[in-house]
Protein chains: 2
Amino acid sequence: MKLRDENKVPQIYQATLKLVRASGIAGITMQAVAKEAKIATGTLYIYFNNKESLLVGLFNECAKNSASGFFRNYDPGGPFKTGFRTIWLNILQYRISHFEEMLFIEQFFTSPYIEEATKMAVKKIFDPLRELIQRGKDEHLIKDIDSFWLLTFMTGNINEIAKRIHYFNKKLTPEIEDLNFQLCWDGIKS
Amino acid sequence: MKLRDENKVPQIYQATLKLVRASGIAGITMQAVAKEAKIATGTLYIYFNNKESLLVGLFNECAKNSASGFFRNYDPGGPFKTGFRTIWLNILQYRISHFEEMLFIEQFFTSPYIEEATKMAVKKIFDPLRELIQRGKDEHLIKDIDSFWLLTFMTGNINEIAKRIHYFNKKLTPEIEDLNFQLCWDGIKS
DNA sequence: AATATAAATGAATATTTATTCACTTATAAA
DNA sequence: TTTATAAGTGAATAAATATTCATTTATATT
């Protein structure tokens, strides 16, 4: 018998992300996904029960990937600023290099497909960062304000950088990394 | 003859925004809009040629509204920091009080409906702010880095605050305003 | 090599959603 | 009042899109 092609699912996910980039979740049709993935529409239904489970599957995949990307090379035992910069840069680089995933996650959050439990699970991804920020406050290195707002400050800026890098065809040079990190750091340092 | 009800279009826009908030542009159907606006689906087509022109019309309306909201009480002749804080707060308050508009604009930008010319027109809304930032640099009050990144820094943070205020049911108290502005200001000041 | 099994196909069908239209209702103008 | 005109209605139709299925194709197993 013929075995399932283990490349199909990633292929389908990639095609879906490409369409999201081009015209948002609103623009996704199963025929378009199939065409982009160079397979027949019927094949989609071998790998997914329906459109919803394709999108939910992709969302979970994106969430999992980003979680591992954000904390690459991060040593929780190292100095605060080193760890903070590592995570800051990881998130930024990840969101730039996986830009479609970022767009998809963002749109999925306000789509008819997401469920409440999923939202909660995604919040947990940032737990190690939340802990680090608490440490920074304990060591009096950063402002003693609610971590919620410190996290808001940091991630809001990162997201916007990633978007503008893409929409305005910029390149993330070390200089641009540095100046943007400086803005963020000067904001939070005590 | 019967005259056109001048409340219908705002009513339809409001209904559409409410649906966007609930389930994104992907979730909008003409029947749902009609139901939410408490009119017949056919009536939608008296005021709009089709779904696309409804959405485009709403987008233009949102863009126009926000432009006027952002620069309320702003005196280009006043001190830099005063002007900067005024605009910062205006944008933040506007995005919180017109949250659905913000979501809609954001999603519309990566939807099948937007056109390139529209994107360009929207960029111009921020021109007065760009000028103010240039002045701040000339007066050596803020860091001498590309205004593009200063604007990215500022708006990214504001957007994220607005989103989190809504998604986590926070309230924008004067204290929260202040601490968030402080984060932003400490980031950009020279 | 032959067989069995599941993948893959894409046209056909089902479902959803946009749009139309014959009809009713309201109201400015005569 | 009466009339003419356009708004308003919602069921009917058209169009788009999701899903199925009869058929073909590939390949592990025997």
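Naming: A, B, ... by sequence-line order, numbering from 1 per chain.
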Discussion item. What is the distance, to the nearest angstrom, from the CD atom on B:Glu6 to the C1' atom on D:dA7?
Written reply: 14 Å
Worksheet item: Is any side-chain N of the basic residue among A:Asp186 and B:Lys189 closer than 4.0 Å to the acidic one's carboxylate O?
Response: no
Worksheet item: Taking only residues two or more places apart in sequence or in another chain, which ones pass salt bridge (Lys or Arg N to Asp or Glu O under 4.0 Å) with A:Lys124?
Response: none
Response to the item:
From the list B:Phe59, B:Phe104, B:Phe48, ring pair (Phe, Tyr, Trp, His ring centres under 6.0 Å) with B:Tyr13 holds only for B:Phe48
Worksheet entry | Nucleotide of D:dT19, D:dT9, C:dT19 approaching B:Lys51 most closely (side-chain heavy atoms) | C:dT19
Item to complete: Select from B:Tyr45 and A:Ile39 the residue whose nearest nucleotide in DNA chain C is closer to the 5' end of that strand.
Response: A:Ile39
Practice prompt. Confirm from the modelled atom types if A:Gln31 and D:dA16 form a donor-acceptor pair under 3.5 Å, side chain to base only.
Written response: no
Discussion item. To check you understand the geometry: which heavy-atom pair defines the closest contact between B:Pro128 and B:Tyr74, and what is its length?
Written reply: O-OH, 4.4 Å
Worksheet item: Can you check the B:Tyr47 OH to C:dT19 C1' distance for me, whole Å?
Response: 18 Å
Worksheet item: In whole Å, what is the span from the CD1 atom of A:Ile12 to the P atom of C:dA7?
Response: 12 Å
Worksheet item: Just checking, A:Arg21 and A:Phe99: is the charged tip under 6.0 Å from the six-membered ring centre and within 45° of the axis?
Response: no
Worksheet item: Do we get B:Lys123 above A:Phe168's six-membered ring, with its NZ or CZ under 6.0 Å from the centre and within 45° of the axis?
Response: no
Item to complete: Could you run through nucleotides 22-30 of chain C and give me one letter per nucleotide, 5' to 3': B if any protein heavy atom sits under 4.0 Å from the base, S if only the sugar-phosphate is that close, - if neither?
Response: ----BBB--
